[in-house]
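For reference, the structure is listed below as structure tokens.
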Amino acid sequence: MSDPRDVSGPRPGHLDAAIASLRENTELSDERLARLFESAFVDTYRRLAGGDGPIHARVDLAAGTCSLYRTGPGGEETPLAGDIPDFPRQAAQAARDAVATALREAGKDRVLREASLRRGEMIDTIVDTRAGTVWYLRAGDMRVLLPPEEQAQGEELIPGHHLKVMVLEGRRRSQDAVVVVSRSHPQLLRLLLEQEVPEVANGQVVVRGIVREAGRRSKVAVEAADPAVDARGACIGPRGIRHQAITSELGDEQVQIVLWSEDPATYIANALAPATVLRVDLDDASRTARVTVESDQLSLAIGRGGDNARLVARLCGWRIDVVAPE
């Protein structure tokens with residue numbers, strides 16, 4: 001006869017097969033598995049047999065057996081009978097469910113750790129599927145989420161195409177965890193510059209500021225840390241090859257490289273390119289720059305929908321008032 005304490009005794013549908021299978025096919029440690037099994041078996045016993053009190057389980061993973069017992073006031077152990085109908089089947093299913101839940105949580109934790117380690121990095125992904133306003137991308141075995149607020153305006157994504165994105169964070173959800181990325185963050189443009197312009201990567205050219213209206217227009221202010229280097233020319237590259245490599249990753253977005261200056265008037269004039277500026281008058285009290293351009297340059301300086309002047313204001317930190325000569 002089997003030991004009455006052994007609720008997984010040698011009967012058909014026995015727990016030993018479930019324990020052995022779960023042990024063999026999961027990456028969880030024996031210690032973690034034993035805790036999961038014991039908790040699942042105790043919960044199943046309480047549900048089927050009722051009652052309360054300090055019930056415990058002891059699992060022997062090597063033998064594939066489980067013993068249930070109750071602890072008395074003096075710490076003595078009283079074995080519990082193992083003839084509860086359907087206990088082995090339900091206990092085995094409870095163990096499978098517990099292991100599946102633990103594996104899901106472990107998978108979530110891996111994704112969150114990976115996202116934490118790679119926060120702020122640029123990664124190469126492949127466009128996968130769309131779910132409403134959300135796009136799912138793939139980066140190796142990572143599931144990547146591009147939410148609507150991090151998408152570039154008007155950008156059309158095509159499944160199967162490569163897409164460079166910046167890692168923002170990991171996000172835990174009810175069934176899984178995903179890496180949240182951005183196509184609109186200004187830092188993505190900085191990372192592209194570091195990738196394509198060696199002088200930016202090695203510090204010879206310093207990025208002083210970046211403003212973006214992602215998908216439409218961006219401005220990058222640069223300064224040469226090394227006087228022998230042409231900061232703007234380095235970012236544009238011979239025949240514009242570096243600039244083209246950057247803009248090709250951003251779809252239809254226009255990227256302007258602006259030469260930074262310590263003098264606000266000069267800086268603002270540089271930033272208003274491609275318009276030609278006649279003069280810049282600064283009002284320190286209101287922090288307003290009155291910029292004079294030729295009449296035929298007004299629309300160019302202001303930009304479509306005011307986007308050029310708006311970006312210059314954000315980049316330079318001055319309110320921009322563009323006027324024609326009196």
Side-chain angles (χ1 to χ4, degrees), residues 120-123 125 127 130 133-135 137 145-158 161 163-169 180-197 200 206-223 231-232 235-236 240 242-261 264 267-277 280 287-289 291 293 297-323:
E121 291 185 12
M122 182 170 66
I123 60 173
T125 66
V127 180
R130 184 175 184 176
T133 58
V134 169
W135 276 97
L137 319 173
L145 174 71
L146 180 63
E149 66 272 16
E150 298 299 336
Q151 297 170 19
Q153 181 180 345
E155 184 172 41
E156 182 181 355
L157 303 185
I158 301 173
H161 282 207
L163 192 71
K164 291 190 183 297
V165 295
M166 192 193 83
V167 176
L168 290 180
E169 62 177 359
V180 180
V181 297
S182 177
R183 281 283 289 172
S184 62
H185 200 288
Q187 181 70 6
L188 177 63
L189 182 48
R190 181 189 294 270
L191 294 169
L192 286 169
L193 278 162
E194 292 175 355
Q195 176 181 272
E196 300 296 339
V197 183
V200 173
V206 178
V207 177
R208 284 288 191 169
I210 299 176
V211 289
R212 290 185 71 192
E213 290 188 355
R216 294 184 59 190
R217 196 168 191 167
S218 297
K219 289 181 183 285
V220 183
V222 296
E223 177 194 19
R232 188 169 180 275
C235 293
I236 292 173
R242 293 175 178 175
H243 186 262
Q244 291 169 14
I246 293 166
T247 56
S248 68
E249 295 288 350
L250 298 176
D252 295 330
E253 186 172 329
Q254 299 176 27
V255 179
Q256 291 179 295
I257 308 298
V258 173
L259 193 60
W260 182 85
S261 174
Y267 186 23
I268 290 168
N270 291 344
L272 273 168
T276 301
V277 174
V280 179
R287 202 163 179 80
T288 298
V291 182
V293 300
Q297 296 280 294
L298 269 175
S299 60
L300 194 60
I302 295 171
R304 186 178 60 183
D307 61 354
N308 196 46
R310 185 168 58 247
L311 284 172
V312 171
R314 289 171 52 197
L315 184 67
C316 300
W318 288 75
R319 181 173 173 269
I320 306 297
D321 185 11
V322 183
V323 298

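Values reported hereafter were calculated over all heavy atoms of this structure, with side chains retained and with hydrogens, waters and symmetry mates removed.
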Review point. How far apart are the C-alpha atoms of Trp135 and Val127, what are their side-chain angles, what is the distance that settles it, and do they pass the side chain to side chain contact (heavy atoms under 4.5 Å, CB included) test?
Key: CA-CA 8 Å; Trp135 276 97; Val127 180; 3.5 Å; yes

For residues [X] and [Y], report the shortest heavy-atom separation together with the two atoms involved.
X	Y	result
Gly120	Leu191	O-CD1, 3.4 Å
Val312	Ala271	CG2-O, 3.3 Å
Ala269	Val280	CB-CG2, 4.3 Å
Val197	Ile246	CG2-CD1, 4.5 Å
Ile268	Ala289	CD1-CB, 3.6 Å

Within-4.5 Å side-chain heavy-atom neighbours: [X] and [Y]:
X	Y	answer
Val165	Ile123	yes
Met122	Leu188	yes
Leu157	Leu146	yes
Ile302	Asn308	no
Gln256	Val220	no
Leu315	Tyr267	yes
Val322	Leu298	yes
Val180	Pro147	yes

Check your understanding: Does CD belonging to Glu156 count more than 12 external heavy atoms closer than 6.0 Å?
Key ->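 Counting neighbours around CD of Glu156, 12 or fewer heavy atoms of other residues, nucleotides or ligands fall under 6.0 Å, so no.
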
Review point. Are Arg183 and Glu155 within salt-bridge range, i.e. N to O under 4.0 Å?
Key: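 Glu155 and Arg183: salt-bridged.
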
Review point. Are the charged groups of Glu223 and Arg208 less than 4.0 angstrom apart, N to O?
Key: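 Looking at Arg208 together with Glu223, the answer is yes, because their closest N to O distance falls below 4.0 Å.
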
Check your understanding: Quick check: does any side chain N or O of Glu150 sit under 3.5 Å from a backbone N or O of Ser182, one acting as donor and the other as acceptor?
Key ->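 Not confirmed, Glu150 side chain does not pair with Ser182 backbone.
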
Check your understanding: So, Arg287 side chain and Arg319 main chain: donor-acceptor pair closer than 3.5 Å or not?
Key ->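 Not at all, since once roles are kept as given, no pair shorter than 3.5 Å links the two residues.
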
Working to the nearest 0.5 angstrom, can you tell me the gap between [X] [atom1] and [Y] [atom2]?
X	Y	atom1	atom2	answer
Ser184	Glu253	OG	CD	9.5 Å
Asp252	Thr247	CG	OG1	10.0 Å
Leu189	Leu250	CG	CG	6.0 Å
Gln187	Glu194	CD	CD	7.0 Å
Thr288	Trp318	OG1	CH2	8.0 Å
Asn270	Lys219	CG	NZ	10.0 Å

**Study point:** side-chain contact (heavy atoms from CB on, under 4.5 Å) involving Glu213 - partner list, sequence neighbours excluded
**Key:**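 Once residues adjacent in sequence are excluded, the partners of Glu213 under the side-chain contact (heavy atoms from CB on, under 4.5 Å) criterion are Arg216, Asp307, Arg310, Leu311, Arg314.
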
Review point. Who are the side-chain contact (heavy atoms from CB on, under 4.5 Å) partners of Ile236, not counting sequence neighbours?
Key: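 side-chain contact (heavy atoms from CB on, under 4.5 Å) check on Ile236 returns Arg232, His243, Ile257.
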
Exercise for review: Let me know which of Val200, Val207, Val258 forms a side chain to side chain contact (heavy atoms under 4.5 Å, CB included) with Cys235.
Suggested key: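 Answer to the side chain to side chain contact (heavy atoms under 4.5 Å, CB included) test with Cys235 among Val200, Val207, Val258: Val200.
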
